[in-house]
Protein chains: 2
Amino acid sequence: MSDDSKDTPSGAFIGYETCPVRRTLTVLNGKWKPLIIYELLPAPCRFNELKRRLPGVSQRLLTAQLRSLEEDGIVDRKVMEVVPPHVEYSLSEKGRSLQPVLQAMETWGENEVKNFPIS
Amino acid sequence: MSDDSKDTPSGAFIGYETCPVRRTLTVLNGKWKPLIIYELLPAPCRFNELKRRLPGVSQRLLTAQLRSLEEDGIVDRKVMEVVPPHVEYSLSEKGRSLQPVLQAMETWGENEVKNFPIS
DNA sequence: GTATGCAGTACCCTTTTGTATACTAGCTGC
DNA sequence: GCAGCTAGTATACAAAAGGGTACTGCATAC
């Protein structure tokens with residue numbers, strides 16, 4: 001790797017600079033990222049609260065994906081220097097602009113859950 | 001794996017049976033799946049043509065993700081028993097119903113590419 | 001003194017993805 | 001006959017992403 005000045009970021013697709021869908025997928029690439037954004041849409045949330053709302057996610061992964069979303073400018077992280085620690089995650093404007101994508105996923109899923117329930 | 005009658009499908013989320021977004025993500029979970037669906041939206045496509053349109057994907061992965069999409073009823077696979085082999089992939093009705101999701105991704109990405117070009 | 005909550009980090013292991021190559025089957029060219 | 005073509009499949013192996021759990025430091029609660 002690092003053969004040239006600008007290498008493909010981790011998880012990015014070849015041609016993601018110009019293909020709109022690839023560009024979006026590069027940002028959403030991560031098992032929990034869309035769900036994190038979905039949970040943050042209504043209101044900001046603290047780390048452990050987010051963890052509780054996303055059953056199945058581990059601390060390690062949640063931390064990693066939040067950091068990645070922060071790097072991409074989707075999520076804002078506000079640390080209050082108190083004890084016990086208080087860290088609040090919220091969507092940036094860029095993050096909120098992903099709402100239509102999550103909305104479309106929600107709508108499709110609702111239809112599936114309605115028409116083809118599993119349990 | 002396969003310890004019980006019905007295990008969580010590969011890539012599925014806990015609670016995906018009822019959470020709409022998880023349900024959608026379970027189907028779209030796979031680095032290339034949304035792009036495959038995106039490419040198949042306008043018209044059916046053969047394997048190697050699909051591979052050419054998705055620079056960066058390997059045969060192995062493309063095969064695997066197509067099989068998975070087929071299992072989920074998103075993609076139809078039509079084999080013509082001729083030599084050389086001719087296999088055509090197309091979206092099922094269920095697959096086409098994902099268009100709004102891909103459309104939202106495309107729209108968001110277009111805005112990003114326009115406002116924050118990389119190269 | 002022990003238990004709990006917060007917001008993580010460190011360690012190790014499994015699954016998924018990426019890369020490369022060899023193989024199928026019949027056809028064309030030499 | 002042998003090489004190369006199409007449109008894949010199968011296999012092996014390495015790298016990246018995901019997952020489980022223990023642990024930290026400080027504070028309050030019992």
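Order of the sequence lines sets the chain letters (A, B, ...), proteins ahead of strands, with each chain counted from 1. Hydrogens, waters and symmetry mates play no part in the numbers below; they use all other heavy atoms, side chains included. Please read all numbers here as calculations on a predicted model, not as lab measurements.
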Taking any heavy-atom pair under 4.0 Å as a contact, classify [X]: base, sugar-phosphate, or nothing.
X       : value
A:Val79 : nothing
B:Glu49 : nothing
B:His86 : nothing

What is the distance from [atom1] of [X] to [atom2] of [N], rounded to the nearest Å?
X       : N      : atom1 : atom2 : answer
B:Leu50 : D:dT9  : CG    : C1'   : 16 Å
B:Lys78 : D:dA7  : NZ    : C1'   : 17 Å
B:Lys51 : D:dG8  : NZ    : C1'   : 10 Å
A:Phe47 : C:dG8  : CZ    : P     : 6 Å
A:Leu61 : C:dT15 : CG    : P     : 15 Å
A:Leu25 : D:dA17 : CG    : C1'   : 16 Å
B:Arg53 : D:dA7  : CZ    : P     : 14 Å
A:Phe13 : D:dA17 : CZ    : P     : 12 Å

Taking the basic N atoms (NZ, or NE/NH1/NH2) and the acidic carboxylate oxygens, is any pair closer than 4.0 Å for B:Arg96 and B:Glu93?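 The answer is no: the pair does not qualify as a salt bridge.
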Any side-chain N or O of [X] under 4.0 Å from OP1/OP2 of [N]?
X       : N      : result
A:Trp32 : D:dA17 : no
B:Tyr89 : D:dG8  : no
B:Arg67 : D:dT9  : yes
A:Ser58 : D:dG20 : no
B:Lys31 : D:dA16 : no
B:Asn48 : D:dG8  : no

Side chain of A:Glu106, backbone of B:Val21: donor and acceptor closer than 3.5 Å?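 Judged by distance alone, no pair lies under 3.5 Å.
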Under a 3.5 Å distance rule, please check whether A:Ser92 uses its side chain to pair with a backbone N or O of A:Asp76 as donor and acceptor.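 Judged by distance alone, no pair lies under 3.5 Å.
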Of the nucleotides C:dG8, C:dC6, D:dG20, which has the atom closest to the A:Arg77 side chain?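 Selected nucleotide: C:dG8.
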Minimum-distance nucleotide (side-chain atoms of A:Gln65 versus D:dA7, C:dA7, D:dG18):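 Between D:dA7, C:dA7, D:dG18, the one nearest the side chain of A:Gln65 would be D:dG18.
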Between A:Gln59 and A:Pro84, which residue's closest nucleotide on DNA chain C lies nearer the 5′ terminus?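 The residue whose closest nucleotide sits nearer the 5' end is A:Pro84.
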Of A:Arg60 and A:Glu88, the one whose closest DNA chain C nucleotide lies more 5':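 Looking at the nearest nucleotide for each, A:Glu88 comes out on the 5' side.
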So, B:Lys33 and B:Ser68: side-chain donor and acceptor under 3.5 Å apart, yes or no?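 Per modelled atom types, B:Lys33 and B:Ser68 side chains form a pair under 3.5 Å.
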Between A:Arg77 and A:Tyr89, is there a side-chain donor-acceptor contact under 3.5 Å, judged purely by atom types and distance?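 Yes, a side-chain donor-acceptor pair sits under 3.5 Å.
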Joint hydrophobic cluster, A:Val27 plus B:Val113, side-chain heavy atoms closer than 4.5 Å: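 No, it is not one cluster - the side chains of A:Val27 and B:Val113 are not joined through contacts under 4.5 Å.
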